[in-house]
Visitor: 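Dropping a structure here in structure tokens format, bear with me for questions.
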2 protein chains.
Amino acid sequence: MNPEFHTYKNPSLAVDLVVFGYHNQSLSVLLLNRKDEPFKNGWTLPGGFLQMEETLQQVCNRIMHTKIGIENLYLEQLYSFDEPNRDPRGRVISIAHYALINPERFEIVAGKMANDVQWFPVNQLPALGFDHGLIFDQALQRLKSKILYYPVGFELLDETFTMPELQALYECILGITIDRRNFRRKILDAEYILLTGSKREGSKNRHPDLYKFNKALKQSNFQLNISAQQ
Amino acid sequence: MNPEFHTYKNPSLAVDLVVFGYHNQSLSVLLLNRKDEPFKNGWTLPGGFLQMEETLQQVCNRIMHTKIGIENLYLEQLYSFDEPNRDPRGRVISIAHYALINPERFEIVAGKMANDVQWFPVNQLPALGFDHGLIFDQALQRLKSKILYYPVGFELLDETFTMPELQALYECILGITIDRRNFRRKILDAEYILLTGSKREGSKNRHPDLYKFNKALKQSNFQLNISAQQ
DNA sequence: TCTGCTTTGCGTTATTATGACACAAAGTAA
DNA sequence: TTACTTTGTGTCATAATAACGCAAAGCAGA
């Protein structure tokens, strides 16, 4: 390695995570309550600094493992945030990512840096430290657009799910109501999902069909022009 | 500032730029021929390291100014590249950006780090050093999708332009041929552009109308479902 | 100025996609 | 059985759009 290569002082590199979960027909985000300054006792996104030998994906997995006790989530790079004063401790560039999780599959635990880890519905967030409000807004925006051209629902639902459950997920993320019958038609035309043949038992009324995601989905087919019901 | 804050060794942070230009009905990219190792005499994207007090946008402008003598381009963050061995000199994370330029407005000059600066048509690129081939591919992909929902043509064309010129730009970037009359209808329906009232003189046949971009464009209107002609 | 050729502007039409809506089947509870 | 809710399926009028026709504008050559 070139010895002169690291002689200038460069900004620190961090990663912040927007972890989305979906339960009780509500989209939520994982927030940490900080033990230490800055923003002591305030809520922030989970995050951490990039170590010399780590890839971005590895940092994300390390953060999720040590701070909230989960790993191997769907993960996507979001954006880099570079405002010079975004961290009062010094110059830190954050490469934000977002993750999707089915919360019922995991137990969340607070790591040693946090007092508490908690799910917050996306429309009832507390004020966030650093520029994490900005990061969150951008992550939600990304999720909203991504779900229209890529089958992201995979990650937020159980292995099998019903058509009404899938629709509720879309309505929740997009913040709109959708006509039941048109939604069904578009999802099926896109070959987004496949019938499993079994039905969800135990529900009060007609037992809905269970579907699974079509892993052979051709991405070219997948462009959902979903519009809100009047 | 917290004195312990910078005690660990962190990766260097760089920026690489994919500068797109459009001339002679061809989409091109600016490449540098490197004077020094690594990849001496090889072609790479222009790039540079982030200094302590700079924002990402400032690095991009500095690189464009010092390495190719241009500035104030349309600039967008693309993606961060973190493969541990992507730079033989050491661990470098690159936050790639892409820029759009009308090459006829600028004279390109090689900076002191480069032997040469040259436009290459995007379908005739030489092998690129580092992981710049990957970065370029992703930038082109992004441009292709961006142009369908955001009026990026602004930056690549002259102040005024004709309908056939705009269509040629779309055909070139998307790599398809489009029906003349359907293209016109969609562009006009989207209120993408406005008639200036004058015509392009000097052309061999019928003189086409000159348009300008509609700066009051409502982004909600702008969703071009352009499809290739059979 | 007349003819042929190319490019541009402005239509039309058949087909498809889509939003709005009706109705029957399946299940539960009384 | 009846009443009620939820789910599955189909219809229909309208909007979007791909394919295509045709005339006007300009130039070149006779």
Side-chain angles (χ1 to χ4, degrees), chain A residues 24-25 148-149 157-158 160-172 174-212 218 220-230, chain B residues 24-25 148-149 157-158 160-172 174-212 218 220-230:
Chain A
N24 302 332
Q25 311 235 336
L148 294 178
Y149 67 90
L157 295 174
D158 290 332
T160 62
F161 49 86
T162 69
M163 187 66 79
E165 285 165 6
L166 184 64
Q167 178 173 350
L169 173 65
Y170 272 81
E171 292 186 328
C172 174
L174 297 174
I176 60 177
T177 58
I178 308 169
D179 182 275
R180 218 165 47 80
R181 293 145 292 187
N182 295 336
F183 179 80
R184 170 186 298 272
R185 184 184 52 207
K186 287 184 180 177
I187 293 289
L188 292 177
D189 284 357
E191 300 180 86
Y192 187 9
I193 57 178
L194 301 172
L195 267 176
T196 63
S198 46
K199 292 173 185 295
R200 164 95 64 224
E201 307 292 341
S203 61
K204 198 166 50 182
N205 300 308
R206 179 170 180 169
H207 295 170
D209 291 333
L210 281 170
Y211 292 87
K212 60 184 174 186
K218 287 169 288 184
S220 57
N221 274 358
F222 198 71
Q223 170 65 41
L224 293 178
N225 289 323
I226 285 179
S227 52
Q229 195 178 24
Q230 292 186 354
Chain B
N24 303 332
Q25 310 235 337
L148 295 178
Y149 67 90
L157 295 174
D158 289 333
T160 62
F161 49 87
T162 69
M163 189 66 80
E165 286 164 6
L166 184 64
Q167 178 172 349
L169 173 65
Y170 271 82
E171 291 185 329
C172 173
L174 297 174
I176 60 177
T177 57
I178 308 169
D179 182 275
R180 221 164 43 81
R181 294 145 291 188
N182 294 337
F183 180 80
R184 170 185 298 271
R185 175 169 44 82
K186 287 186 180 177
I187 293 289
L188 292 178
D189 284 356
E191 300 179 86
Y192 187 8
I193 57 179
L194 302 173
L195 267 176
T196 63
S198 47
K199 293 171 184 297
R200 164 95 63 222
E201 307 293 338
S203 62
K204 198 167 52 184
N205 299 309
R206 180 172 180 170
H207 296 171
D209 291 332
L210 281 169
Y211 292 87
K212 61 184 174 187
K218 288 169 288 183
S220 56
N221 274 358
F222 198 71
Q223 169 66 41
L224 293 177
N225 290 321
I226 284 179
S227 51
Q229 196 177 22
Q230 291 188 356

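Proteins come first, then strands; the chains are lettered A, B, ... in the order of their sequence lines, and each starts at number 1. Heavy atoms only: backbone and side chains are in, while hydrogens, waters and symmetry mates are out.
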Visitor: Measure the distance from CG on B:Leu195 to C1' on C:dC10 and round it to the nearest whole Å.
Guide: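 Atom CG in B:Leu195 sits about 13 Å away from atom C1' in C:dC10.
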Visitor: Rounding to an integer number of Å, can you tell me how far A:Ile187 CD1 sits from C:dT18 P?
Guide: 12 Å
Visitor: I want to check something: taking the side chain as every heavy atom from C-beta on, are A:Tyr211 and A:Leu194 in contact at a cut-off of under 4.5 Å?
Guide: no
Visitor: Is any side-chain heavy atom of B:Leu224 less than 4.5 Å from a side-chain heavy atom of B:Ile187?
Guide: yes
Visitor: Between A:Asn225 and C:dT18, is there a contact of a side-chain N or O with OP1 or OP2 at under 4.0 Å?
Guide: yes
Visitor: By the 4.0 Å heavy-atom rule, please label A:Ser203 as base, sugar-phosphate, or nothing.
Guide: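 Sugar-phosphate contact only - A:Ser203 comes under 4.0 Å of backbone atoms but never of a base.
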Visitor: Is any side-chain nitrogen or oxygen of A:Lys186 closer than 4.0 Å to OP1 or OP2 of C:dG19?
Guide: yes
Visitor: In whole angstroms, how far is the P atom of C:dT8 from the CD1 atom of B:Ile178?
Guide: 15 Å
Visitor: Which residue, B:Glu201 or A:Asp179, contacts DNA chain D at a nucleotide closer to its 5' end, judged by nearest heavy atom?
Guide: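 Whichever sits nearer the 5' end wins; that is A:Asp179.
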Visitor: Expressed as a whole number of angstroms, how long is the span from A:Lys199:NZ to C:dG27:P?
Guide: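 Those two atoms, NZ and P, are 7 Å apart.
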Visitor: For A:Arg200, check side chain to side chain contact (heavy atoms under 4.5 Å, CB included) against everything at least two apart and list the hits.
Guide: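 With neighbours one apart ignored, the set is A:Thr162, A:Glu165, A:Pro208, A:Leu210.
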Visitor: Any N or O donor-acceptor pair linking the side chain of A:Arg181 to the base of C:dA22 at under 3.5 Å?
Guide: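 Such a pair is found, so the answer is yes.
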Visitor: Strictly below 4.0 Å, heavy-atom distances to any atom of DNA chain D: list the hits from residues 205-212 of chain A, or just say none.
Guide: A:Asn205, A:Arg206, A:Pro208, A:Asp209
Visitor: When the nearest nucleotide of DNA chain D is assigned to B:Ser227 and to A:Pro164 on a heavy-atom basis, which residue is associated with the more 5' position?
Guide: A:Pro164
Visitor: Could you tell me how far apart A:Asn182 (CG) and C:dC21 (C1') are, to the nearest whole angstrom?
Guide: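 Spelled out: CG on A:Asn182 to C1' on C:dC21 is 9 Å.
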Visitor: Do B:Asp209 and B:Lys199 touch side chain to side chain, with heavy atoms closer than 4.5 Å?
Guide: yes
Visitor: Taking only side-chain N and O atoms of B:Arg184, does any of them lie within less than 4.0 angstrom of OP1 or OP2 on C:dG9?
Guide: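 Answer yes for this pair, as a side-chain N or O of B:Arg184 is under 4.0 Å from OP1 or OP2.
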Visitor: Would you say the base of D:dG10 and the side-chain of A:Arg185 have a donor-acceptor pair closer than 3.5 Å?
Guide: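 Side chain to base: no pair present.
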Visitor: Could you tell me the separation between the CD1 atom of B:Ile226 and the C1' atom of D:dA19, rounded to a whole number of Å?
Guide: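 About 16 Å, once rounded to whole Å.
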Visitor: Provide, to the nearest angstrom, the distance between the NZ atom belonging to A:Lys204 and the P atom belonging to C:dA30.
Guide: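 The answer, rounded to whole Å, is 11 Å.
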Visitor: Between atom CD in B:Gln167 and atom P in C:dG9, what is the gap in whole Å?
Guide: 11 Å
Visitor: Looking at side-chain heavy atoms only, is the closest gap between A:Met163 and A:Leu188 below 4.5 Å?
Guide: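 When only atoms from C-beta onward are counted, A:Leu188 and A:Met163 do touch, with a gap below 4.5 Å.
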Visitor: Suppose we screen for ring-ring contact (aromatic ring centres under 6.0 Å, His included). Which residues come up paired with A:Tyr192, at least two apart in sequence or across chains?
Guide: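 By the ring-ring contact (aromatic ring centres under 6.0 Å, His included) rule, A:Tyr192 matches A:Phe213, A:Phe222.
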Visitor: Heavy atoms, side chains only, cut-off 4.5 Å: are B:Phe161 and B:Leu169 in contact?
Guide: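 No, too far: nothing below the 4.5 Å cut-off.
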Visitor: Does A:Asp189 get its side chain close enough to the base of C:dA17, under 3.5 Å, for a donor-acceptor pair?
Guide: no
